[in-house]
*Asks:* 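Supplied in structure tokens, the structure appears directly below.
Note that these values count all heavy atoms, side chains included, but never hydrogens, waters or copies made by symmetry.
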Amino acid sequence: MRVPLSRDKQDTLLLIASSLLVLMPHAAHLPVWVSLLCGATLAWRAGVTLLGRRMPSNVVLVPIAAAAMFGVLHSYHTLLGRDAGVAMLVLLVAFKMLEMHARRDLFVVVFLCYFLVLTNFFYSQTIPTALLMLASIVALLATQLSFQLTGAVPPLRTRLWMGAKVLGLALPLAGAAFFLFPRIEGPLWGMPDDSHAARTGLSDTMAPGQMSNLAQSEDVAFRVKFDGPVPPQPQLYWRGPVLGNYDGRTWTRVRPSRFVRPQPLSLSVGGKPVGYEVTLEPSNTRWLFALEMPRALPDVPGHGVALSGALEFQSLDPIAERVRYDLVSFVQYRLQPEASPLDGQWLTLPYGTNPRARAEGQALASEPDPARRVAAVLREFAQGGFVYTLQPPLLPGRDAVDDFLYGTRAGFCEHYAGAFVFLMRAAGVPARVVTGYQGGEMNPIDGYLTVRQSDAHAWAEVWLPRRGWVRVDPTAAVAPERVQHSLASALPAPAPFGLEGLGRLLQPDPDSLLGRLRYAIGAVNNGWNQWVLNYTPQRQQHVVQRLQEGLSHWQSLALIGMLCAMLFLVRKFSQRRKADPVDALYSVLCQRLGQLGLPRAPDEGPTAYARRVADADLPPEPGAAATEFLRRYSAYRYGSQATGTGLVPILRDLLSRVR
């Protein structure tokens, strides 16, 4: 026959399970040896509990703890900072399990686990992490209640429900404090020294294969909320780094020269302005992206912004946290139409490379109209059998442009943009590569345009007389669907599990159930980012201002008063409905005994009250009935009896005799 565990063992095992729920998420970022040591320690403590063994002595624990601290120092080269501190705290919780000798030690472990719940947000602030931490808090509250309960202990399900109710009572106050309590600038879940981890994002260099690798990532680059209608997909060019130096392999930015006077930036715009708000994800780079062409510098809270001569927006500090900024752009513009580019810096080509492409470009130079030279190259791309693909053949040689144009003829946007700019420079047309993002996916649920890393794109700009810098997208000549619709629509029919089909697999039909579910998840994640993770002091001031404006009207005050009154009445009504009939009979008995000269003192319990009634000078029948009533009530209230359903008739009969 299986012997049930004692209450102490049950409570200890519940504490181990709750601690394990808190510690498990840390295994994703802690060294493997820390996770294994913690698991072994918790298993050791569970075995001691189940087998009834003695706890290990300090002679055993102290060397293990010292070796663990040395291991932390060896792994992190410090005992300070976020990662080392969290590792030590995790080990402390595990070791404390083997050093619990008093009731106080149980609560020490519980409170350490509460702190560890907070440290999980140092590494992940997603909705699943928040839900897991809420479940951990419920488990810890149930464990804490188990230690504090006296007498009969309700089932585990009931204790978990009690913990959930305690958490539910605290959430409204926590929510009000979160939205209304004065906030500090910057994210709450990070430390400056730990915020520079590498992230996937657009680089300020471009080599064959770089963007095609980036296009396989579904990570969000930024989200955009437009003030009015969204521009058509072919106009959604999000400008980033501009590349002008080419060494035969890699395109890089043109660094400003100390010996060349900067040319004044001339920009004329037309058409209707497009206002929008950009929420940029952290990338640890300095690039700020804008729809071509922005009218003015954005105001980024906490960051200075600089503008280059090639119309690139840069933050003075790396973007290590999510930022939000407003912009106004014009899709109709002319950039520097008056003066030609300086000193041929946009005509430079590496010496002795790509002779066939150089010869073709020089042959095009016989055409006096630069616009016709541009059209001739685009026509060659459209009719020359070129293929748009995420898996282009490797171009390992020094003449990569020749190998692409006259050999493989298969590539991604960086291949077409780089080859086009090379041909244009050889033909005497100033040209440069512009990188950024093209397009985006509109979420019909929250109205945000999501631009992902898979939307990374490269195009070209050529300088034409009286027109200035003109955007030319050679990729559109080969795969117009890429610009008009999306990356997935421009790719050929994929193999079932090939990389070519990645865009199609991750972007299902918007009208399908999977597509609607994807939009819903995206809207929830965006709302979480906007209102929780990126709830800045500026946004808080806006919320408080709107709240003050709403409360300034008497109709709003009257509505709030009515709601409070309704909540008060509902609470009172529910309390009356939930009143215990046994307690009601006990109150009636106390009133009758008070009328007989024996009122109950405010600090007097039913047992002490029964002794005083038995010693009082009452008639035999009322005295005996009152004493029996109080005895049964005391057993019900403080004993093991769970329900008073069968007790009510008995108490009513005894109460009827107290006259």
*Asks:* Please determine if Glu367 and Arg373 form a salt bridge, counting it only when a charged side-chain N lies under 4.0 Å from a carboxylate O.
*Replies:*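 Looking at Glu367 and Arg373, the cut-off is not met.
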*Asks:* Please list all pairs passing the salt bridge (Lys or Arg N to Asp or Glu O under 4.0 Å) test where one or both residues lie in residues 419-437, with sequence neighbours left out.
*Replies:*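 Pairs touching residues 419-437 that pass the test: Arg432-Glu461.
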*Asks:* Counting heavy atoms not belonging to Leu394, are there more than 12 under 6.0 Å from its CG?
*Replies:*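 12 or below, so no.
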*Asks:* With the threshold set at 4.0 Å, does a side-chain nitrogen-carboxylate oxygen contact exist between Glu277 and Arg223?
*Replies:*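 Here Glu277 does not pair with Arg223 in a salt bridge, since their nearest N and O are not under 4.0 Å apart.
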*Asks:* Check the orientation of His74 and His77. Use parallel for under 30°, tilted for 30 to 60°, and perpendicular for over 60°.
*Replies:*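 Ring orientation of His74 relative to His77: tilted.
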*Asks:* Classify the ring geometry of Tyr416 against Phe404: parallel below 30°, tilted from 30° to 60°, perpendicular beyond 60°.
*Replies:*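 Perpendicular: the ring planes of Tyr416 and Phe404 meet at over 60°.
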*Asks:* Do the side chains of Leu291 and Tyr276 get nearer than 4.5 Å, heavy atoms only?
*Replies:*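 Yes - at least one pair of side-chain heavy atoms lies under 4.5 Å apart.
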*Asks:* Could you check whether the rings of Phe381 and Phe420 sit parallel, tilted or perpendicular, using 30° and 60° as the cut-offs?
*Replies:*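 Ring orientation of Phe381 relative to Phe420: tilted.
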*Asks:* Sub-3.5 Å donor-acceptor pair from the side chain of Lys225 to the main-chain atoms of Asp446, do we have one?
*Replies:*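 Present.
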*Asks:* Please report the shortest heavy-atom distance between Gly439 and Val451, naming the atom on each side.
*Replies:*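 Taking every non-hydrogen atom into account, O-CG2, 3.7 Å.
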*Asks:* Mind running side chain to side chain contact (heavy atoms under 4.5 Å, CB included) on Trp238 and Val224 for me, showing each step along the way?
*Replies:* CA-CA 11 Å; Trp238 306 96; Val224 184; 3.7 Å; yes
*Asks:* Kindly compute the distance separating CG (Asn284) from CD1 (Ile319), expressed to the nearest 0.5 Å.
*Replies:*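 Asn284 CG to Ile319 CD1: 9.0 Å, rounded to 0.5 Å.
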*Asks:* Do the side chains of Pro337 and Trp469 get nearer than 4.5 Å, heavy atoms only?
*Replies:*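 With C-beta onward as the side chain, the pair stays apart.
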*Asks:* Which pairs would a plain distance check flag for residues 298-305, meaning a side-chain donor or acceptor within less than 3.5 Å of a matching protein atom at least two apart in sequence or in another chain?
*Replies:*
residue, atom, partner, partner atom, Å
His303, ND1, Ser315, OG, 3.1
His303, NE2, Glu321, OE2, 3.0

*Asks:* Using the rule given for side chain to side chain contact (heavy atoms under 4.5 Å, CB included), can you reason through Leu30 versus Val90, listing the C-alpha separation, both sets of side-chain angles and the distance that settles it, and then say yes or no?
*Replies:* CA-CA 9 Å; Leu30 289 175; Val90 167; 4.0 Å; yes
*Asks:* Within the distance-only criterion (no hydrogens, no angle test), does the side chain of Tyr76 pair as donor or acceptor with the backbone N or O of Thr78 below 3.5 angstrom?
*Replies:*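 Not at all, since once roles are kept as given, no pair shorter than 3.5 Å links the two residues.
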*Asks:* Under 3.5 Å, is there a donor on one side chain and an acceptor on the other for His26 and Ser35?
*Replies:*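 Result is no, nothing qualifies.
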*Asks:* What are the two closest non-hydrogen atoms of Arg249 and Ala400, and how far apart are they?
*Replies:*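 For Arg249 and Ala400, the tightest heavy-atom pair comes out as NH1-CB, 3.8 Å.
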*Asks:* With a 4.5 Å cut-off on side-chain heavy atoms, are Val377 and Pro474 touching?
*Replies:*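 Pro474 does not reach Val377 side chain to side chain.
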*Asks:* Under 4.0 Å between a side-chain nitrogen and a carboxylate oxygen: does that hold for Glu312 and Arg239?
*Replies:*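 A salt bridge is absent here (no side-chain N lies under 4.0 Å from a carboxylate O).
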*Asks:* Looking only at heavy atoms, which two atoms of Ala431 and Met424 are closest? And how far apart?
*Replies:*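 Taking Ala431 first and Met424 second, the nearest heavy atoms are CB-CB, 3.8 Å.
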*Asks:* Is any side-chain heavy atom of Met293 closer than 4.5 Å to one of Leu311?
*Replies:*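 A side-chain contact under 4.5 Å exists here.
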*Asks:* Please confirm whether the ring centroid of Phe222 lies under 6.0 Å from the ring centroid of Tyr437.
*Replies:*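 Ring centroids of Phe222 and Tyr437 are less than 6.0 Å from each other.
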*Asks:* Less than 4.5 Å apart, any side-chain heavy atom of Ser268 and any of Arg334?
*Replies:*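 A side-chain contact exists here, since the closest heavy-atom pair is under 4.5 Å.
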*Asks:* If every non-hydrogen atom of Cys413 is compared with every non-hydrogen atom of Ala456, which pair is closest and at what distance?
*Replies:*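 Shortest heavy-atom separation between Cys413 and Ala456 comes out as SG-O, 4.3 Å.
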*Asks:* Distance from Gln362 atom CD to Glu360 atom CD, nearest 0.5 Å?
*Replies:*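 CD of Glu360 is found 11.0 Å from CD of Gln362.
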*Asks:* Are Leu449 and Glu441 packed together at the side-chain level, in the sense that at least one heavy-atom pair is separated by less than 4.5 angstrom?
*Replies:*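 Result no, sub-4.5 Å side-chain heavy-atom pair not found.
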*Asks:* Is a donor on one side and an acceptor on the other found under 3.5 Å between the side chain of Arg358 and the backbone of Ala426?
*Replies:*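 No: the side chain of Arg358 does not pair with the backbone of Ala426.
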*Asks:* From Leu243 CG over to Thr250 OG1, what is the distance, rounded to the nearest 0.5 angstrom?
*Replies:*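 Output value for this atom pair is 10.0 Å.
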*Asks:* Using side-chain heavy atoms (C-beta onward) and a distance below 4.5 Å, is Ser75 in contact with Val72?
*Replies:*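 No, side chains not in contact.
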*Asks:* Scan residues 381-405 for pairs that pass salt bridge (Lys or Arg N to Asp or Glu O under 4.0 Å), counting only residues two or more places apart or in two chains.
*Replies:*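 Passing the test, one end in residues 381-405: no pairs.
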*Asks:* Between Trp463 (side chain only) and Gln336 (backbone N and O only), is there a donor and an acceptor less than 3.5 Å apart?
*Replies:*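 The answer is yes, because a donor-acceptor pair under 3.5 Å joins these two groups.
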*Asks:* Kindly check if the number of other-residue, nucleotide or ligand heavy atoms within 6.0 Å of CZ (Phe70) is above 12?
*Replies:*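 Counting neighbours around CZ of Phe70, 12 or fewer heavy atoms of other residues, nucleotides or ligands fall under 6.0 Å, so no.
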*Asks:* Could you walk me through whether Thr408 and His415 satisfy the side-chain hydrogen bond (donor to acceptor under 3.5 Å, both in side chains) test, starting with their C-alpha distance in whole Å, then the side-chain angles of each, then the deciding distance to 0.1 Å, before giving a yes or no?
*Replies:* CA-CA 11 Å; Thr408 63; His415 298 82; over 6 Å; no
*Asks:* Does Trp459 form a side-chain hydrogen bond (donor to acceptor under 3.5 Å, both in side chains) with Thr435? I'd like the steps, not just the answer.
*Replies:* CA-CA 6 Å; Trp459 58 95; Thr435 61; over 6 Å; no
*Asks:* Classify the ring geometry between His457 and Tyr237 as parallel (under 30°), tilted (30 to 60°) or perpendicular (over 60°).
*Replies:*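 Answer is tilted, since the angle falls between 30° and 60°.
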*Asks:* So does Thr252 get a backbone contact from the side chain of Asn245, meaning a donor-acceptor N/O pair under 3.5 Å?
*Replies:*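 No.
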*Asks:* Say whether, by atom type as modelled, one donor and one acceptor occur between the side chain of Tyr388 and the main chain of Glu481 under 3.5 angstrom.
*Replies:*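 It does not hold such a pair.
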*Asks:* Using only atom types and a distance under 3.5 Å, with no angle test, would you say the side chain of Gln438 pairs donor to acceptor with the backbone of Asp455?
*Replies:*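 A pair under 3.5 Å: no.
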*Asks:* Please name the pair of heavy atoms, one in Trp33 and one in Gly71, separated by the smallest distance, quoted to 0.1 Å.
*Replies:*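 Trp33 and Gly71 have their closest heavy atoms at CZ2-C, 3.2 Å.
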*Asks:* Over all heavy atoms of both residues, which pair between Pro350 and Phe422 is shortest? Give the atoms and the distance, please.
*Replies:*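 Taking Pro350 first and Phe422 second, the nearest heavy atoms are CD-CE1, 4.3 Å.
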*Asks:* Determine, stepwise, if the pair Tyr123 / Asp83 fulfils side-chain hydrogen bond (donor to acceptor under 3.5 Å, both in side chains).
*Replies:* CA-CA 10 Å; Tyr123 303 95; Asp83 295 335; 2.8 Å; yes
*Asks:* I need the Leu132 CG to Ile127 CD1 distance, nearest 0.5 Å.
*Replies:*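 Those atoms lie 13.5 Å apart.
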*Asks:* Which distance, rounded to the nearest 0.5 Å, do you find between the CG of Leu236 and the CD of Glu292?
*Replies:*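 Output value for this atom pair is 11.0 Å.
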*Asks:* Working to the nearest 0.5 angstrom, can you tell me the gap between Ser366 OG and Leu364 CG?
*Replies:*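 If I round to the nearest 0.5 Å, the distance is 7.0 Å.
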*Asks:* Is there a side-chain contact between Val269 and Arg295, using heavy atoms and a 4.5 Å cut-off?
*Replies:*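 Result no, sub-4.5 Å side-chain heavy-atom pair not found.
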*Asks:* For the pair Glu218 and Arg452, find out whether any cationic side-chain nitrogen is under 4.0 Å from an anionic carboxylate oxygen.
*Replies:*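 Counted as a salt bridge, because a side-chain N and a carboxylate O are separated by less than 4.0 Å.
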*Asks:* Could you give me the CA-CA distance, side-chain angles and deciding distance for Arg324 and Leu280, then say whether side chain to side chain contact (heavy atoms under 4.5 Å, CB included) is met?
*Replies:* CA-CA 6 Å; Arg324 186 187 295 111; Leu280 183 64; over 6 Å; no
*Asks:* Please test Leu390 against Phe412 for side chain to side chain contact (heavy atoms under 4.5 Å, CB included), starting from the C-alpha separation and ending with a verdict.
*Replies:* CA-CA 6 Å; Leu390 274 175; Phe412 197 58; 3.6 Å; yes
